[in-house]
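Read the numbers this way: they start at 1 and go in the same order the structure lists the ligands and their atoms. Only this structure's heavy atoms are used, side chains among them; waters, hydrogens and symmetry mates stay out.
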Amino acid sequence: MIQTKDLRFAYPNGPIFNFPDITLAKDEDLLILGPSGIGKTTLLHLLGLLLAPLGGNIAHDSTDLISLSEKEKDLYRGQNIGIIFQKPRFINSLNLIENIKAKLFFAKEKVADEAIEQVLEELQIIELKHKNVQKLSEGQKQRLSIAIAIINKPILILADEPTANLDDHNCEKVIQLLKETARKAQANLVLITHDQRVKPMFDKTLEL
Ligand SMILES: Nc1ncnc2c1ncn2[C@@H]1O[C@H](COP(=O)(O)OP(=O)(O)OP(=O)(O)O)[C@@H](O)[C@H]1O
């Protein structure tokens with residue numbers, strides 16, 4: 001179970017954000033909606049332990065994440081939280097497989113080569129496995145981002161505006177892929193967007 005309580009945040013000299021509480025049971029997904037500038041990415045980065053709140057709590061089951069040290073947060077994130085950023089972040093000089101292995105190295109995780117290939121197969125990018133990431137199309141980059149996020153079976157998958165710039169057909173395909181991937185990994189999926197097309201695809205939504 002994932003639970004937040006009284007999360008507050010402020011950028012230097014900025015307004016204070018008071019975020020609504022979130023509770024997610026096992027296998028439950030959440031869509032966070034809201035207009036530009038309302039704080040969606042900020043909330044996602046708090047959930048991903050990339051930002052520290054001014055106050056409040058984040059717990060995964062009985063683990064209080066806010067009291068962890070920065071080093072412990074980095075390791076916890078690497079091992080338990082998969083983040084799909086709006087703009088993919090890769091090591092440009094490496095190929096797909098090497099980028100996945102780099103993530104595993106930093107997360108101090110081991111995943112068998114066969115399991116890595118299986119994930120690439122499921123995401124339909126296996127034939128590109130030795131290709132330099134700079135040569136991928138935008139759609140292929142997005143699939144690699146998903147592969148990197150889920151390779152070590154996180155308990156939480158966070159996705160930042162994954163359907164921005166996609167047509168209706170591809171928008172639906174990407175959401176379905178993320179939901180299926182989350183179910184297979186037995187993870188909670190939290191997705192933020194201002195794309196109203198995504199709303200009917202989620203049972204649980206939070207409007208900021
Ligand atoms: N690093 C930062 N320093 C100062 N202010 C910031 C910083 N990042 C974001 N902000 C401000 O905080 C507010 C919330 O930003 P955030 O990116 O969380 O909104 P959002 O809802 O995700 O917007 P969008 O849909 O446009 O991505 C905005 O007013 C933004 O200008």
Notebook entry, point to check: Is a salt bridge present between Lys199 and Glu207, judged by a nitrogen-to-oxygen distance below 4.0 Å?
Noted result: yes
Notebook entry, point to check: Is there a donor-acceptor pair under 3.5 Å between the side chain of Asn57 and the backbone N or O of Asp64?
Noted result: no
Note to self: Which residue and atom name correspond to the protein heavy atom nearest atom 12 (O) of ligand 1, and how close is it?
What the structure shows: Tyr11 CE1, 3.4 Å
Item checked: Gly34 near ligand 1 by a heavy-atom separation under 4.0 Å -> no
Check: Can a cation-pi geometry be assigned to Lys179 and Phe202, taking NZ or CZ under 6.0 Å from the six-membered ring centre and within 45° of the ring axis?
Finding: yes
Notebook entry, point to check: Using a distance-only test with no angle check, is there a side-chain donor-acceptor pair under 3.5 angstrom linking Thr4 and Asp21?
Noted result: no
Checklist line | Shortest protein contact, atom 17 (O) of ligand 1 (heavy atom only) | finding: Thr41 CB, 3.6 Å
Note to self: Looking at Asp27 and Arg183, is there a salt bridge between them, counting it only when a charged N and a carboxylate O are closer than 4.0 Å?
What the structure shows: yes
Next item on the list: Give the atoms of ligand 1, by number and element, whose distance to some non-hydrogen atom of Phe17 is under 4.0 Å.
Entry: 12 (O), 13 (C), 14 (C)
Note to self: Using a 4.0 Å heavy-atom cut-off, which part of Pro35 comes near ligand 1: side chain, backbone, both, or neither?
What the structure shows: backbone
Item checked: Check: Asp160 main-chain N/O paired with Gln86 side-chain donor or acceptor under 3.5 Å -> no
Next item on the list: Determine, stepwise, if the pair Asp74 / Arg77 fulfils salt bridge (charged side-chain N to carboxylate O under 4.0 Å, His left out).
Entry: CA-CA 5 Å; Asp74 286 343; Arg77 183 189 318 109; 3.2 Å; yes
Next item on the list: Any atoms of ligand 1 less than 4.0 Å from a non-hydrogen atom of Lys40? List them with their elements.
Entry: 18 (O), 19 (O), 20 (P), 21 (O), 22 (O), 23 (O), 24 (P), 25 (O)
Next item on the list: Indicate yes or no for a side-chain donor-acceptor contact from Arg8 to the backbone of Phe19 under 3.5 Å, with no hydrogens or angles considered.
Entry: no
Check: So which protein heavy atom does atom 26 (O) of ligand 1 come closest to, and at what separation?
Finding: Ser36 OG, 2.6 Å
Notebook entry, point to check: With atoms numbered from 1 as shown, which atoms in ligand 1 lie under 4.0 angstrom from a non-hydrogen atom of His194?
Noted result: 25 (O)
Item checked: Option whose closest heavy atom lies nearest to atom 29 (O) of ligand 1, chosen from Pro15, Gly37, Gly39 -> Gly37
Note to self: Please tell me if atom 9 (C) of ligand 1 is touched by the protein, where touching means a protein heavy-atom distance below 4.0 Å.
What the structure shows: yes
Margin query: Among all the protein's non-hydrogen atoms, which is closest to atom 15 (O) of ligand 1, and how far away is it?
Written below: Thr42 OG1, 3.9 Å
Notebook entry, point to check: Protein heavy atoms: any of them under 4.0 Å from atom 31 (O) of ligand 1?
Noted result: no
